[in-house]
2 protein chains.
Amino acid sequence: METELTERQKLVLALVIRDYIETAQPVGSVSLVERYKLDFSSATVRNDMVTLTELDYLRQPHTSAGRVPTEEGYRYFVRQLMGHTDLPAPTKRTIIHQFYQAGVDVDRWMHLAASVLAHQAQAASLITAPHPERVVFKHLELIRTHGRQVLMVLVLSGGEVNQQMLSLAEPVSQDQLSAVAQRINQNCAGLAVTAIEGLKQPSDALEQDILKLVTTEMQRSIRVVAGELYRDGLTHVLAEPEFGERAFARRALRLLEERPLLEDLLSRTVLTDDPGGVQVLIGGEGTWEELRECSVVLARYGAPGLATGTLGVLGPMRMPYGRTISTVRFMAGLLSDLVEDMLTED
Amino acid sequence: METELTERQKLVLALVIRDYIETAQPVGSVSLVERYKLDFSSATVRNDMVTLTELDYLRQPHTSAGRVPTEEGYRYFVRQLMGHTDLPAPTKRTIIHQFYQAGVDVDRWMHLAASVLAHQAQAASLITAPHPERVVFKHLELIRTHGRQVLMVLVLSGGEVNQQMLSLAEPVSQDQLSAVAQRINQNCAGLAVTAIEGLKQPSDALEQDILKLVTTEMQRSIRVVAGELYRDGLTHVLAEPEFGERAFARRALRLLEERPLLEDLLSRTVLTDDPGGVQVLIGGEGTWEELRECSVVLARYGAPGLATGTLGVLGPMRMPYGRTISTVRFMAGLLSDLVEDMLTED
DNA sequence: AATTAGCACTCTCGCATCGAGAGTGCTAAA
DNA sequence: TTTAGCACTCTCGATGCGAGAGTGCTAATT
């Protein structure tokens, strides 16, 4: 088990990680005692280091170089050693300030959140828009725009709005459209997707088509990763020295750019619904080759059971976990409040 | 003037550029004659090269290395030497095929277009959504979503749709909202923004607020760079050898990531309204430090005077201009057709 | 007058060598 | 159990050197 470490060994591990995070250089026994004014000698540190190396918490790039944390080392650190840190109050105020001067547009909120997160964590950020977990039909509008083009605006529970353009087979007047919309609104208000599908279908062909589209959209909206994806700060990861090898940097950025990869990552990461819960993925966890040198800090936000989204940060494995985790946690809280606000008095 | 080049010198310049684009290596006189089986000697090529170097079309990284094109060299090449190329028919078919299997959602069209463009050009692509140049009010919907939150859906000419969330001071019923929307729709249909502002204002406070918002949105929508920005293929630029220096890559990607920079670029680039016209910006043109090693190929698309957008590609200066330009031109044509379709029978 | 062969010269790049520095592991003493 | 001492290892930067590629110049050729 993990409790076989002495207190001093834990301290050494923590300091090595801390130093390496700062300097990005392998850290040796002598420089460690000097730097942190330890009251035991470098030889002692060396002995502890061999133990830690045998346990696969540390690694040496080559004989006679300093030690570097392994993935396991980081994991142990995050789990046991790090302790809970919280964002300093002034930082919190700064974030809140930046945040609340946006308008009321959800889209802008998300952009801003991504930007703030990326800036604070000095890493790439990603956020999925909040989306309802149980979708209920609220309102439908059909608006004729040009020719046979019709705009369908579908409002679902949780404030989610889908809009989509349709091309009808033949021109229809706005009045006809309004009539269809009205009928559907009366019949379906408050129904979940299954209930709508079970509804006795009316004979009107247009109405039937529209209903089909509505249920399709509702189903699409129920998937885990739905809605828009917001990213920011991609260039931050280029600044890190571990990405001197461009191939690394490309792989990491590709993950953020290609949606299927990202959805895979988000969906395969079982996220607790616990709003304070922040997940830390270190070094791809053996599953994602693209993340070999990276870590991801993820959190779910929103109102559990009603509407949730995901937000996270991607950075180098050598990442200030304490700070990053508390930033992510704090932002998740902020966004949860926002969702809460949107849902009040439903 | 530029006609002081002999035919052979033009040929040499063209070949040097062509070779450099392929190999990314400085090209020397001997390898040039060998590679392209020229019927004059390397010494002759050398003589031409000194001329071209004096004219600032070529440059040598250091004495006794091969020649490399300068920005001026590329410009001359694009302007005079390149000749009009067109995309091969099979490629066109492929693109069209990929393209037309998207749905009818404008948002998805744009995403897809960015993706196709990035893939074809093997570079970073960017597209701005089409937006009307003369905005006319068409339709307004007000939908109560949650609590005092109201969704405003504003349909403008050209099929542009704005949606925005409002927080009202106090709760209003859906019926009241519909009534207000109906009144506004009747009064404002077909009016431009100025006409609406000149309208005698009704006494209803809510209606007045909404009208204010409507005109604000219409004004926002009229700006040159408006609406959503679509990007793709950012990682392609990392693959190019010139970005071995990470600082370069970062600067270039920053330009694409930070909206203000990008808007500056797009707005300061005077784009001809000519739909076939493709603009080529080589090496930042002395204005954009971020683009020192890059070139940008831009085109306007859409229906001039009605609704237009911009699309473009960012890649290394060492870029296959012929292919890229024809790809951009072709995509601009496709998107123009799309806009055309949306506008038919307005 | 334009082109070409020949040649000396220059500069980069890859490779090997070498010494300094940092760090380790081991052993013996405290 | 901790620590001092020491021999050993390995990287890294500097230095030197030779091969290769390319240039510029001059003189001969067409």
Side-chain angles (χ1 to χ4, degrees), chain A residues 4-13 15-20 22-70 73 241-242 244-245, chain B residues 4-13 15-20 22-70 73 241-242 244-245:
Chain A
E4 58 199 358
L5 289 189
T6 69
E7 284 308 310
R8 200 188 49 219
Q9 285 167 339
K10 289 182 186 174
L11 177 62
V12 169
L13 177 55
L15 287 182
V16 168
I17 291 183
R18 178 169 149 190
D19 202 67
Y20 183 67
E22 264 183 44
T23 65
Q25 298 290 331
V27 15
S29 53
V30 267
S31 57
L32 197 75
V33 291
E34 272 179 12
R35 191 135 196 250
Y36 299 99
K37 312 223 181 302
L38 301 183
D39 49 359
F40 37 86
S41 80
S42 66
T44 312
V45 173
R46 276 201 292 282
N47 286 331
D48 286 345
M49 277 176 163
V50 296
T51 315
L52 291 168
T53 306
E54 279 163 0
L55 289 171
D56 192 31
Y57 292 151
L58 293 181
R59 185 174 55 87
Q60 22 191 347
H62 39 263
T63 331
S64 134
R67 300 305 211 285
V68 162
T70 64
E242 32 266 274
E245 219 37 64
Chain B
E4 58 199 359
L5 289 189
T6 70
E7 284 308 309
R8 199 188 50 218
Q9 285 167 337
K10 290 181 188 174
L11 177 62
V12 169
L13 177 55
L15 287 182
V16 168
I17 291 182
R18 178 170 149 188
D19 202 68
Y20 184 68
E22 266 183 43
T23 65
Q25 298 290 331
V27 15
S29 53
V30 267
S31 56
L32 198 74
V33 291
E34 271 177 12
R35 190 135 194 249
Y36 299 98
K37 313 224 180 302
L38 302 182
D39 51 357
F40 38 86
S41 80
S42 66
T44 312
V45 172
R46 276 201 291 283
N47 286 330
D48 286 344
M49 277 177 163
V50 296
T51 314
L52 291 168
T53 306
E54 279 164 1
L55 287 172
D56 192 31
Y57 292 150
L58 293 181
R59 186 173 55 86
Q60 21 192 348
H62 38 263
T63 332
S64 136
R67 299 307 212 284
V68 161
T70 63
E242 32 265 273
E245 218 38 65

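Every chain is numbered from 1, with letters handed out A, B, ... down the list of sequences. Keep in mind that the numbers below use all heavy atoms, side chains included, and drop hydrogens, waters and symmetry copies. Given the structure is predicted, the values throughout are model-derived calculations rather than measurements.
- Atom CZ of R46(A) and atom C1' of dT1(D) are 15 Å apart (whole Å).
- Smallest separation of non-hydrogen atoms from G73(B) and I17(B): O-CD1, 3.7 Å.
- Side-chain polar atoms of R46(A) and S29(A) form a donor-acceptor pair below 3.5 angstrom.
- For Q60(B), taking side-chain heavy atoms from C-beta onward, the closest of the listed nucleotides dT23(D), dC10(D), dT3(D) is dT23(D).
- Rounded to whole angstrom, the span from the CD atom of Q9(A) across to the P atom of dT1(D) amounts to 11 Å.
- Closest approach of L5(B) to L55(B), counting heavy atoms only: CD2-CD1, 3.5 Å.
- Going from atom CG of L38(B) over to atom P of dT4(C) covers 11 Å, rounded to whole Å.
- Taking every side-chain heavy atom of S64(A) into account, dA22(C) is the closest of dT2(D), dA22(C), dG22(D).
- Taking only side-chain atoms of V50(B), from C-beta outward, the nucleotide of dT4(C), dC11(C), dG24(D) with the closest atom is dG24(D).
- With dT23(D), dT12(C), dT3(D) as the choices, the nucleotide that has an atom nearest any side-chain atom of H62(B) turns out to be dT12(C).
- Comparing dT4(C), dT24(C), dG23(C) by their nearest atom to the side chain of F40(B) picks out dT4(C).
- S42(B) comes within 4.0 angstrom of no nucleic acid atom, judged by non-hydrogen atoms across all strands.
- Distance CG (N47(A)) to C1' (dT27(C)): 12 Å, rounded to an integer number of Å.
- Between D48(B) atom CG and dG24(D) atom C1' the separation is 15 Å, expressed in whole Å.
- Note: CD (Q25(A)) to C1' (dC12(D)) measures 12 Å, nearest angstrom.
- Checking the phosphate oxygens (OP1, OP2) of dG22(D), no side-chain nitrogen or oxygen of R67(B) falls inside 4.0 Å.
- Counting only heavy atoms from C-beta on, R8(A) has its side chain closest to dT2(D) among dT2(D), dT3(C), dT23(D).
- Taking every heavy atom of both residues into account, G28(A) and S31(A) meet most closely at O-OG, 3.1 Å.
- Nucleotide dA21(D) holds its C1' atom 16 Å from the CZ atom of R35(B), rounded to whole Å.
- L52(B) has its CG atom 12 Å from the P atom of dG24(D), to the nearest Å.
- Judged purely by distance below 3.5 Å, without hydrogens or angles, the side chains of T53(B) and R59(B) never pair a donor atom with an acceptor atom.
- Evaluation of atom-type donor-acceptor distances gives no pair under 3.5 Å for the side chain of S41(A) against the base of dT3(D).
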